[in-house]
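Following: one structure in structure tokens, then a few remarks.
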Amino acid sequence: MCDAPHTPIDLSGSIAPPDVKLNLGGDFSKESTASTFLRQRGYGWLMEVEENDPEDNKPLLEELDIDLKDIYYKIRCVLMPMPSLGFNRQVVRDNPDFWGPLAVVLFFSMISLYGQFRVVSWIITIWIFGSLTVFLLARVLSGEVSYGQVLGVIGYSLLPLIVIAPALLLLRPFEIVSTAIKLFGVFWAAYSAASLLVGEEFKSKKPLLIYPIFLLYIYFLSLYTGV
């Protein structure tokens, strides 16, 4: 018997890839279709996701630039103006802020109410425009001070008048003692403000700036006492 000739097997061919279909879920397919549609219409920016900015996660006090420790230190500097105590009092002038003085002015307004809510807006007005007057006068006298510095110092220096307020309520029947406390409070406030605002650059012109500061605090006290 003769063996039949063997037909050679062709091994050079390629294997067809299997038809594999992945089920990625209907939501992905819909999202992909929607994204393609929006991008084709020029609205691809609607699908963009913004990255979280660390600046957006700041605490509220930091967002408003409120430093409670700094405000507390400035309050101590104003209430204890004696150089012998070792406080760096120039920080009240050289590093002015808005929220601390505003809080002091509002607190002084609250204790000055006596049922008259118009006093609040009037005290704030006197603070703003009184500080502006002192600032303009200081600039005329060749002082190197900004309006923000004057606004902060005048506002913080209302603290002595707030401190003497309870004593005035208790000692109101004693006119002589009450008057002495009022004068002490005004001198205390005026000294705290003037010692920060009236620098060596004024030389012999210091009284020209100290006097209006003194009158300003007398007027503040008159709004509190109603005199």
Side-chain angles (χ1 to χ4, degrees), residues 61-62 64-113 119-139 141 143-168 181-202 206 209-225:
L61 293 180
E62 189 174 345
L64 297 175
D65 197 22
I66 300 176
D67 189 343
L68 296 180
K69 291 183 179 179
D70 182 61
I71 292 174
Y72 174 67
Y73 185 80
K74 290 176 179 177
I75 289 174
R76 294 173 65 192
C77 290
V78 170
L79 291 178
M80 294 177 281
M82 291 73 71
S84 58
L85 296 177
F87 289 109
N88 181 20
R89 301 187 64 247
Q90 288 301 316
V91 73
V92 182
R93 169 179 169 169
D94 297 338
N95 186 26
D97 67 285
F98 175 73
W99 298 108
L102 179 62
V104 173
V105 173
L106 287 177
F107 187 68
F108 180 74
S109 302
M110 291 298 108
I111 66 174
S112 304
L113 276 177
V119 175
V120 177
S121 59
W122 185 240
I123 288 177
I124 294 176
T125 301
I126 295 302
W127 171 49
I128 293 173
F129 287 98
S131 299
L132 179 61
T133 302
V134 174
F135 164 70
L136 294 176
L137 184 58
R139 298 297 290 182
L141 297 175
E144 296 180 0
V145 65
S146 67
Y147 177 60
Q149 291 174 328
V150 176
L151 197 67
V153 170
I154 295 296
Y156 273 118
S157 296
L158 274 173
L159 284 167
L161 300 186
I162 296 175
V163 171
I164 68 169
L168 291 178
I181 293 176
K182 290 177 184 177
L183 290 175
F184 172 74
V186 170
F187 275 107
W188 186 4
Y191 175 77
S192 292
S195 60
L196 291 168
L197 292 176
V198 184
E200 294 299 327
E201 66 268 21
F202 292 99
K206 288 183 179 182
L209 192 59
I210 295 175
Y211 182 67
I213 292 174
F214 182 73
L215 292 180
L216 181 61
Y217 286 106
I218 289 179
Y219 189 70
F220 275 125
L221 184 63
S222 69
L223 292 176
Y224 169 71
T225 59

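Each residue takes its place number in the sequence, starting with 1.
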Going by atom type alone, with no hydrogens or angles, which donor-acceptor pairs under 3.5 Å involve a side-chain atom of residues 126-136 and a protein atom two or more places apart or on another chain?
unit_1: Trp127; atom_1: NE1; unit_2: Leu151; atom_2: O; d: 3.0
unit_1: Ser131; atom_1: OG; unit_2: Trp127; atom_2: O; d: 2.6
unit_1: Thr133; atom_1: OG1; unit_2: Phe129; atom_2: O; d: 2.9

Would you list the atom pairs, donor with acceptor, under 3.5 Å between side chains in residues 214-221 and any protein atom, with sequence neighbours excluded?
unit_1: Tyr217; atom_1: OH; unit_2: Ile154; atom_2: O; d: 2.9
unit_1: Tyr219; atom_1: OH; unit_2: Trp122; atom_2: NE1; d: 3.0

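Nearest heavy atom pair, residue Ala189 against residue Ser157, reads CB-O, 3.2 Å. Of all non-hydrogen atoms in Leu137 and Pro212, the two that sit nearest each other are CD2-CG, 3.5 Å. Of all the heavy atoms in Gly155 and Val105, the pair that sits closest is CA-CG2, 4.1 Å. Nearest heavy-atom pair, Ile213 versus Ala194, reported as atom, atom and distance to 0.1 Å: CD1-CA, 4.2 Å. Glu144 and Arg93 get closest at one heavy-atom pair: O-NH2, 2.7 Å.
Expressed to the nearest 0.5 Å, how far CG of Asp67 lies from OH of Tyr72 amounts to 14.0 Å. Cys77 SG to Leu196 CG: the interatomic distance, rounded to the nearest 0.5 Å, is 8.0 Å. Taken from CE in Met110 to CD1 in Ile123, the straight-line distance is 8.5 Å, to the nearest 0.5 Å.
Looking at heavy atoms from C-beta onward, Val78 lies out of side-chain contact with Leu158 at the 4.5 angstrom threshold. Taking the side chain as every heavy atom from C-beta outward, Ser192 and Arg89 approach each other to under 4.5 Å. Under the 4.5 Å side-chain criterion, counting only non-hydrogen atoms from C-beta, Tyr156 is in contact with Ile71.
Scanning for side chain to side chain contact (heavy atoms under 4.5 Å, CB included) contacts around Tyr191 gives Pro81, Pro83, Ser195, with sequence neighbours left out. A search for side chain to side chain contact (heavy atoms under 4.5 Å, CB included) contacts involving Ile181 returns Ile164, Ala167, Leu168, Leu171, Val177, not counting sequence neighbours. For Trp188, the ring pair (Phe, Tyr, Trp, His ring centres under 6.0 Å) test picks out Phe184, with sequence neighbours left out.
The side chain to side chain donor-acceptor pair (under 3.5 Å) analysis of residues 74-83, with sequence neighbours excluded, yields the pairs Asp70-Lys74, Lys74-Asp97.
Side-chain atoms of Gln149 never come within 3.5 Å of backbone atoms of Pro96 as a donor-acceptor pair (strictly under, hydrogens ignored).
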